Amino acid sequence: MNNPKMILVKHTAEFARQAADIFADTLRKKPDCLLGLATGTTPLPLYRELIARYRRGELDFSRARTANLDEYLGLAPNDVQSYSHFMNENLFDHINIKRENILLLNGMAKNAEAECRRYENTIHDWGGVDLQLLGIGQNGHIGFNEPADAFILQTHLIKLAEDTRRANAKLFKALHEVPTQALTLGCGTIFAARKILLLAAGQNKAEILARAFYGTVTPQVPASLLQLHPDVTIIADEQAGEEIRKHLLLEDRAM
Ligand code: GLP
């Protein structure tokens with residue numbers, strides 16, 4: 001097992017700064033890198049920091065490419081609840097990324113299977129993901145890879161778990177508006193990224209974060225697969241890092 005690099009931070013500003021430093025480093029080393037991006041409330045401080053650095057002339061996205069993790073099935077890109085809209089509003093509209101360099105899953109695709117294949121092929125043609133940003137669901141999902149009997153490796157259509165729909169309802173007017181299916185990058189494609197940065201914030205992520213990185217590697221906790229990846233950094237705020245901190249203390253004592 002590889003040890004992920006754990007960065008436990010006290011404040012949101014520090015959380016955003018540390019994550020943005022990793023993006024800046026990737027962009028500096030490879031200006032035409034492929035960035036794997038995530039949605040949810042957790043990456044928002046990072047996106048604000050990236051925009052601020054771009055405005056100060058510290059970051060340049062003119063040659064960068066991006067591929068997002070997932071999209072709800074049945075939501076058009078201009079639907080305010082779609083992840084396409086989320087990314088435009090919270091990042092793409094504010095930086096100098098070229099539209100043709102942005103890869104997003106089409107939630108309205110008539111043929112979901114063909115759409116997933118198009119996505120995989122494009123990521124492949126673009127040379128694979130250099131830096132994959134991830135959040136973590138309360139049930140251990142990454143992207144929309146829900147707990148299952150096996151890791152699904154490629155981009156696929158998935159039925160959302162009810163606890164995921166309930167958790168994500170915070171961004172919808174009502175639970176019944178949350179789609180029941182989504183398209184998501186597979187665990188294998190996520191795992192193939194050269195570097196992975198997982199962000200976790202808030203008390204409700206503390207237990208699953210520790211289970212994912214100190215528990216058994218199992219498709220029942222999809223994020224646990226990352227234990228096997230050679231280059232994972234986790235940035236957690238004080239609340240999300242609470243259980244992890246206990247493990248780190250035990251490791252220190254054992255040394
Ligand atoms: C959604 C996304 C995930 C994300 C998760 C956590 O389910 N598909 O990629 O990690 O939400 O969201 P939040 O950051 O709001 O807790």
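Just so you know, ligand 1 is whichever comes first in the structure, and atom 1 is the first atom listed for that ligand. In this text the structure is predicted, and so the values were computed from the model without any measurement.
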Inset, instruction - Could you see which bit of Tyr72 sits under 4.0 Å from ligand 1, with heavy atoms only: side chain, backbone, both or neither? - result: neither
Legend entry - Glu207, CD atom: more than 12 neighbouring heavy atoms under 6.0 Å: no
Inset, instruction - Give the contacting part of Thr41 toward ligand 1: side chain, backbone, both or neither, where contact means a heavy-atom distance below 4.0 Å. - result: both
Legend entry - Short N-O contact, Asp130 and Lys30, less than 4.0 angstrom: yes
Legend entry - ligand 1 atoms in contact with Thr42 (distance to a heavy atom under 4.0 Å): 13 (P), 14 (O), 16 (O)
Inset, instruction - Using a 4.0 Å heavy-atom cut-off, say whether Gln138 meets ligand 1 through its side chain, its backbone, both or neither. - result: neither
Inset, instruction - Say whether Lys170 and ligand 1 are in contact under the criterion: heavy-atom distance to a ligand atom below 4.0 Å. - result: yes
Inset, instruction - Can you establish whether the number of heavy atoms outside His247 located under 6.0 Å from its atom NE2 is more than 12? - result: yes
Inset, instruction - Give the atoms of ligand 1, by number and element, whose distance to some non-hydrogen atom of Asn168 is under 4.0 Å. - result: 1 (C), 7 (O), 11 (O)
Legend entry - Contact atoms of ligand 1, heavy-atom distance to His141 under 4.0 Å: 1 (C), 3 (C), 5 (C), 7 (O)
Inset, instruction - Return the option from Gly135, Gly143, Gly137 holding the heavy atom at the smallest distance from atom 9 (O) of ligand 1. - result: Gly143
Legend entry - Within 6.0 Å of CG in Asp125, more than 12 heavy atoms from elsewhere: yes
Inset, instruction - Could you see which bit of Ile136 sits under 4.0 Å from ligand 1, with heavy atoms only: side chain, backbone, both or neither? - result: backbone
Legend entry - Residues Thr189 and Gln154: side-chain donor-acceptor under 3.5 angstrom: no
Legend entry - Joint hydrophobic cluster, Ile152 plus Phe191, side-chain heavy atoms closer than 4.5 Å: no
Inset, instruction - Could you check whether the rings of Phe86 and Tyr47 sit parallel, tilted or perpendicular, using 30° and 60° as the cut-offs? - result: perpendicular
Inset, instruction - Please determine if Thr164 has a nitrogen or oxygen closer than 3.5 Å to a nitrogen or oxygen of ligand 1. - result: no
